[in-house]
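This one's a predicted model, so the numbers in the text were calculated from it and none came from an experiment. Each chain gets a letter, A, B and so on, in the order its sequence line appears, and its residues count up from 1.
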Amino acid sequence: MPTLRIVTWNINSVRLRLPLLADLVRDLAPDVICLQETKCPDALFPHEGVEALGFPHRAVRGMKGYNGTAILSRLPFSVRADDPDWCARGDCRHLGADLAVPGGLELHNFYVPAGGDVPDREANPKFAHKLDFIAEATAWNAARGPARRAMMLGDLNIAPLESDVWSHRQLLDVVSHTPVEVAALEGWQRAGAWHDAIRHFVPPPEKIYTWWSYRARDWEASDRGRRLDHIWVSQDLAAGLRDWRVHRAARNWTQTSDHVPVLVELDV
DNA sequence: ATGGTTGCGGAGCAA
């Protein structure tokens, strides 16, 4: 029974931050890295640099300027070909893989739309897109039944719990923590019977954040963070969870992302 | 209440 270390990171430009990927590999020793916001067309992906870090197996789904996902792996895997094109946009927000481990392991890397600034689906098309995206993913999970030997991770752009934000009261009207978004994310989680792998180790009310705005004068002193990045596992994998890490130190790396890497180690 | 920063791409949009 192999033990895997799997990381999710919204890298916010894979070309700009390729050197930081080396720091991530040094610090976390991952077997699989799932990236979001690579902002890189597939033809321009820095394959050589990633190969040199020890990741011979890669899949990328990128576009010019925005979005983009990638899976970098020490183990072989195949890209899942029949997963949906969410909201029929072809906007590179999901990459599914079947990892070559005994018994198989499904891995879904998501970049959920951020949703703009106004939490109103009529006034703000970006917020409508966010809710529609999650509704489609929820229906997909519901149709497939409870997940088995599967992981679901990525930048979901929602902080569901009061202890996932620096101030529940002050963020109730802020996109990422509104009740309608929280209900949508909880519905998605329920539809797939997903188990929150980070809250498995750190139950509420302990605070956990994975994102701090670039706009803060001193992100560390103000510590106004949100837990936007998540790792969920199917119920049959929950007993295999071994370790976790939110790599807060990465927020102080030179020219870093506003998100930090999140790691889970588990027996699969 | 407002404004604050970053990346892409080379202005303005998205976050």
Residue pairs involving residues 115-125 of chain A (criterion side-chain hydrogen bond (donor to acceptor under 3.5 Å, both in side chains); sequence neighbours excluded):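 Output for this query lists Arg121(A)-Asp132(A).
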
Qualifying residues under ring pair (Phe, Tyr, Trp, His ring centres under 6.0 Å), relative to His108(A), sequence neighbours excluded: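 In terms of ring pair (Phe, Tyr, Trp, His ring centres under 6.0 Å), with neighbours along the sequence ignored, His108(A) is linked to His94(A), Trp140(A).
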
Partners passing ring pair (Phe, Tyr, Trp, His ring centres under 6.0 Å) against His195(A) (at least two apart in sequence or in another chain):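 So His195(A) forms a ring pair (Phe, Tyr, Trp, His ring centres under 6.0 Å) with His200(A).
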
Within residues 9-20 of chain A, which residues have any heavy atom lying less than 4.0 Å from an atom of DNA chain B?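 Within this stretch, Asn12(A), Ser13(A), Leu16(A), Arg17(A) sit under 4.0 Å of the strand.
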
Protein-nucleotide distance ([X], atom [atom1]; [N], atom [atom2]), rounded to Å:
X	N	atom1	atom2	value
Arg224(A)	dG3(B)	CZ	P	16 Å
Trp219(A)	dT6(B)	CH2	C1'	16 Å
His259(A)	dG7(B)	NE2	C1'	13 Å
Gln255(A)	dT5(B)	CD	C1'	12 Å
Met63(A)	dG7(B)	CE	C1'	14 Å
Leu44(A)	dG7(B)	CG	C1'	15 Å
Asp117(A)	dG4(B)	CG	P	15 Å

Can you pull every protein N or O that's under 3.5 Å from an N or O on nucleotides 10-14 of chain B?
| residue | atom | partner | partner atom | Å |
| --- | --- | --- | --- | --- |
| dA14(B) | OP2 | Lys126(A) | NZ | 3.3 |

Heavy-atom donor-acceptor pair, Arg15(A) side chain to Cys40(A) backbone, under 3.5 Å: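 Answer holds: no.
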
Can you tell me how far [atom1] in [N] sits from the matching atom in [M], rounded to whole Å?
N	M	atom1	answer
dA15(B)	dT2(B)	P	22 Å
dC13(B)	dA1(B)	C1'	24 Å
dG7(B)	dA11(B)	C1'	14 Å
dG10(B)	dA14(B)	C1'	16 Å

Who pairs with Arg224(A) by side chain to side chain contact (heavy atoms under 4.5 Å, CB included), at least two apart in sequence or on another chain?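 If we apply the side chain to side chain contact (heavy atoms under 4.5 Å, CB included) test to Arg224(A), skipping adjacent residues, the hits are Trp166(A), Ser222(A).
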
Set of salt bridge (Lys or Arg N to Asp or Glu O under 4.0 Å) partners for Arg89(A), sequence neighbours left out: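 None.
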
Asp243(A): what forms a salt bridge (Lys or Arg N to Asp or Glu O under 4.0 Å) with it, not counting sequence neighbours?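 Asp243(A) satisfies salt bridge (Lys or Arg N to Asp or Glu O under 4.0 Å) with no other residue.
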
Straight-line distance of Phe110(A) CZ to Thr8(A) OG1, nearest 0.5 Å: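 Rounded to the nearest 0.5 Å, the CZ-OG1 separation comes out at 12.0 Å.
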
For DNA chain B, whose closest nucleotide is more 5', that of Gly115(A) or that of Thr256(A)?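 Counting from the 5' end, the first nearest nucleotide belongs to Thr256(A).
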
Could you give all pairs that pass the ring-ring contact (aromatic ring centres under 6.0 Å, His included) test and reach residues 12-63 of chain A, with sequence neighbours left out?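 Sorted result for residues 12-63 of chain A: Phe45(A)-His47(A).
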
